[in-house]
Amino acid sequence: MNLTRNSILSHDIDESRQGLAYEDEWLVVAEGKKFYIESYGCAMNFADSEIVASILRQENYVSTRIVEDADLILINTCSIREKAEETVRKRLKDFNKLKRARPGTLIGVLGCMAERLKDKFLEEEKLVDMVVGPDAYRDLPALIATAEDGGKGVNVFLSREETYADISPVRLDSNGVSAFISIMRGCDNMCSFCVVPYTRGRERSRDPFSIEAEAVALFERGYREVTLLGQNVDSYRWSNEENVNSPGIASVNFAQLLERIAKIHPKLRVRFSTSHPKDITDEVLYTIARYPNICDYIHLPIQSGNSRVLKLMNRTYDREWYQERVEAIRRIIPGCTISSDIITGFCTESEEEHQDTLSIIEWADFIMSYMFKYSERPGTLAARKYADDIPEDVKKRRLSEIIHVQRQVSHRHNLRDLGKICEVLIDGDSKKSKEEWKGRNSQNKVVIFSKSPEYKIGDYVNVRITDVTSATLLGEIVNTAS
Ligand code: 5AD
Ligand code: SF4
């Protein structure tokens, strides 16, 4: 899942995913204990932190950006690569130093690391007072009470039902323009490298009415872009039998959900992440093509360009299948951009197979990719079945080759936009200059342009592209967008 946002409290482990800053509205809550939360990993985790913030608000907790002021320090963790775990352990040690200066402060670990490392963190290393799994956030108030009484607050139970559908997230995103909406939880795929099915449990879809209500409420508050989040959005399926509060609809699939959200308002942009190449349907593609406010951009992780490696990864598609899906995207949504996740140095990957990954980046014309070295995760299929046999220096070299090719492909793609006019949703100041705004076009490219007094953050503007880098388009406003 892709993210590029300004970060204050959230820290990016892979440097490709950035975090969320607190909304001022949150700060008006007057009194109460203070909590501080740091989030790591994917967009789902950031969305979960917003649910946690909402649950804590009910308990009269207020947020603080200053960790030294906090009565409760939470760290929302990611397990996807080993490096993520190391970072969290280091942060917990920092927090424990603060706790020594301020006894009574509680420290909690939330999210994906909870299950695997609960004993280590609680008993062996005594780094935390609470360990709370991704499906146990409703239990936080009780766990805090246990910890306040000197006990250990632990709940790592993984649910088959929990979707937090009724919890209205406290928006930790300060730009007031774009927000995440979690539409499902867990994952039923068994990609052999991936720890997510173990840490987040079985896949379940949230009811479409609560998703729609959340999107409507955001639009009414001035938000202009929602990103529907799930580990595998294409397998979203909600059906009536299993759910209450379902006025007359038997079932809703992802294409139908997209359509419902797109219909809320033409000025509400709809994005989604992540799509799985085995599940993305033509119905979804035709729905994107039909609604101008569903963005022409698909994050479609390939992981490897080689069919043998894909089989070992248990991705259940091969190179040709992926190519066919890309051709369908090109045919049904001309101009749609595609991005990817890529893992290099997976077990037994040969040089030739690595070349297949380089060539698919070229062939698929990805506008960008999140690129990783394979990191063996305990308990996964790959850890049990295959040796992690690609030496670290080879992994590193292959990764830098992949990054190099991707950069060239991104630059080439951007050069084709020179002179074009695109509609951009202004979402903030550019990082480099207060005189400039930044925003994204429908294809998810970041566009930078000079400010104009006629417009404000949250407006759509037409921008002519006058220059490009491999990461950004630069341009000038030409007139009001429709
Ligand atoms: N090692 C490296 N990268 C991984 N990912 C998931 N598991 C691993 C792992 N064990 C990557 C995949 C996935 C993204 C979210 O993280 O590319 O799509
Ligand atoms: Fe992990 Fe595969 Fe599920 Fe993505 S689809 S979360 S990579 S198991």
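This structure is a prediction, so every number in the text was calculated from the model and none was measured. First listed ligand is number 1; within each ligand, the first listed atom is number 1.
- Looking at atom 5 (S) of ligand 2, its nearest protein heavy atom turns out to be N189 ND2, 3.4 Å.
- Because its NZ or CZ atom is both nearer than 6.0 Å to the ring centre of F219 and within 45° of the ring axis, R224 counts as a cation-pi partner of that residue.
- Every atom of ligand 1 with a heavy atom of Q303 under 4.0 Å away is listed here by number and element: 12 (C), 13 (C), 17 (O), 18 (O).
- Remark: ligand 2 atoms within the under-4.0 Å shell around heavy atoms of P197 are 8 (S).
- The closest side-chain donor-acceptor pair between S210 and D207 falls under 3.5 angstrom.
- The atoms of ligand 2 that sit less than 4.0 Å from any heavy atom of R315 are 2 (Fe), 7 (S).
- Closest to atom 4 (Fe) of ligand 2 by heavy atom, among H276, Q231, K278, is Q231.
- In summary, the atoms of ligand 2 found under 4.0 Å from a heavy atom of C187, numbered by their order in the structure, are 3 (Fe), 5 (S), 6 (S), 8 (S).
- For F193, heavy-atom contacts with ligand 1 shorter than 4.0 Å involve the backbone as well as the side chain.
- Of the candidates G186, C191, S192, C194, C194 brings a heavy atom nearest to atom 1 (Fe) of ligand 2.
- Polar contact check, R377 against ligand 1: no nitrogen or oxygen pair lies under 3.5 Å apart.
- Relative to the ring axis of F372, R81 places its NZ or CZ within 45° and under 6.0 Å from the centre.
- The shortest N or O to N or O distance between S375 and ligand 1 is below 3.5 Å.
- At a heavy-atom distance under 4.0 Å, atoms from both the backbone and the side chain of I80 approach ligand 1.
- Counting only N and O atoms by type, the side chains of H276 and Q231 include no donor and acceptor under 3.5 Å apart.
- In summary, the aromatic rings of F272 and H299 are positioned with their centroids too far apart to meet the 6.0 Å limit.
- Residue D341 has at least one nitrogen or oxygen atom sitting less than 3.5 Å from a nitrogen or oxygen atom of ligand 1, judged on distance alone.
- Heavy-atom distances between K373 and ligand 1 reach below 4.0 Å in at least one pair.
- A side-chain contact (heavy atoms from CB on, under 4.5 Å) with Y322 is found for exactly one of S304, P277, S307, namely P277.
- Side-chain contact, S54 with E50: no donor N or O sits under 3.5 Å from an acceptor N or O.
- Looking at N76 and S49, their side chains do bring a donor and an acceptor atom within 3.5 Å of each other.
- Ring centroid separation for the pair W238 and F209 comes in under the 6.0 Å cut-off.
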